[in-house]
Amino acid sequence: MLSKTLQDAINSQINLELSSAYIYLSMAAHFEGENLGGFANWMQVQYHEETEHAMKFFKYVYERGGNVTLKAIPQPIAKFKSPLDVMNIVLEHEQKVTASINKLYELALKEKDYATQSFLKWYIDEQVEEEKNATDIINMLEMTGDAKMGLMMIDRQLGKRKAD
Ligand code: FEO
């Protein structure tokens, strides 16, 4: 059975994952408005992934005899300066999620909860991927600079992203 401390910490993580989903949906809306359909697609896939991350935790809490309590989701950021600005916010956000997962893991270590340690390993690996994905797009955007053609090519590439 999950300790109350771990249960509360996972509930907060569920909120962070759902808040992440909402941020990415807001970014998808922004890109739709900017006629950058590829970026919008990438953000929608990301939105779905975040809801899956939340639901994986949700299921785990009940598998371990705990309870889920949902908290309010903050209003997401909706104004952005450029695609590069958006992707820098994504990277910063993912770094915050990584730190939060690491804290959960530290708590599971402290409590000698081996099942939760094992469960969290998937998220630790996933965060490596999440940060890399954002960094790759930032690098492409920085290489392109203000060139419209480059932005269109990146948009086309991001349009190919499909849900796993
Ligand atoms: Fe679920 Fe993007 O972290």
Side-chain angles (χ1 to χ4, degrees), residues 2 5-32 36-64 66-80 82-109 113 115-142 154-155 157-164:
L2 274 180
T5 316
L6 259 173
Q7 174 189 280
D8 292 349
I10 294 177
N11 272 313
S12 294
Q13 189 67 33
I14 289 172
N15 182 266
L16 183 57
E17 301 290 349
L18 291 173
S19 301
S20 306
Y22 218 40
I23 289 169
Y24 296 134
L25 192 58
S26 179
M27 290 173 172
H30 165 78
F31 283 125
E32 288 289 0
L36 286 168
F39 278 89
N41 169 68
W42 194 93
M43 289 298 170
Q44 280 176 35
V45 172
Q46 194 66 21
Y47 158 80
H48 283 293
E49 274 199 5
E50 297 301 348
T51 60
E52 282 166 17
H53 296 172
M55 290 313 294
K56 221 172 154 82
F57 274 117
F58 183 104
K59 204 166 150 247
Y60 180 72
V61 169
Y62 285 105
E63 277 170 0
R64 296 291 311 283
N67 276 301
V68 169
T69 308
L70 296 176
K71 303 172 194 209
I73 295 172
Q75 181 164 4
I77 180 169
K79 292 240 180 298
F80 308 96
S82 63
L84 183 58
D85 178 43
V86 177
M87 293 313 302
N88 277 321
I89 294 170
V90 170
L91 179 59
E92 262 176 45
H93 183 76
E94 287 304 330
Q95 286 166 340
K96 182 176 145 192
V97 175
T98 301
S100 180
I101 296 281
N102 289 347
K103 262 190 150 175
L104 266 181
Y105 192 81
E106 279 164 28
L107 191 58
L109 278 178
D113 183 330
T116 300
Q117 288 169 36
S118 173
F119 172 75
L120 287 172
K121 282 190 177 141
W122 183 88
Y123 285 90
I124 292 169
D125 294 342
E126 179 69 8
Q127 283 312 119
V128 173
E129 193 67 28
E130 293 276 74
E131 289 189 29
K132 184 185 181 300
N133 288 343
T135 305
D136 285 350
I137 299 170
I138 288 170
N139 289 341
M140 284 194 283
L141 286 167
E142 282 178 344
I154 298 169
D155 189 60
Q157 190 177 330
L158 299 188
K160 291 181 187 152
R161 185 181 187 194
K162 291 189 174 72
D164 294 333

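First listed ligand is number 1; within each ligand, the first listed atom is number 1. Because only heavy atoms are used, hydrogens play no part in the values below, and waters and symmetry mates are left out as well, while side chains stay in.
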Exercise. Count the heavy atoms of every other residue, nucleotide or ligand shown that sit under 6.0 Å from OH of Y60, and state whether that count exceeds 12.
Key: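 More than 12 heavy atoms, drawn from other residues, nucleotides or ligands, come within 6.0 Å of this atom.
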Quiz item: Closer than 2.8 Å to atom 2 (Fe) of ligand 1, which protein N, O or S atoms?
Solution: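 Listed by chain and number, the nearby protein N, O or S atoms are E50 OE2, E94 OE1, E94 OE2, E130 OE2.
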Quiz item: So do the side chains of L36 and P83 get within less than 4.5 Å of each other, counting heavy atoms only?
Solution: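 Yes. Closest side-chain heavy atoms under 4.5 Å.
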Self-check item: E17-Q13 side chain donor-acceptor pair, cut-off 3.5 Å
Solution: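 Note: E17 and Q13 side chains meet the donor-acceptor criterion.
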Quiz prompt | D125 with K121: basic N within carboxylate O range, under 4.0 Å | solution =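 No.
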Practice problem: Look at E52 together with K56 and state whether they make a salt bridge at an N to O cut-off of under 4.0 Å. | Solution: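 Here E52 does not pair with K56 in a salt bridge, since their nearest N and O are not under 4.0 Å apart.
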Quiz item: In chain order, what residues pass the salt bridge (Lys or Arg N to Asp or Glu O under 4.0 Å) check against E49, with sequence neighbours excluded?
Solution: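 For E49, the residues satisfying salt bridge (Lys or Arg N to Asp or Glu O under 4.0 Å) (neighbours in sequence not counted) are R161.
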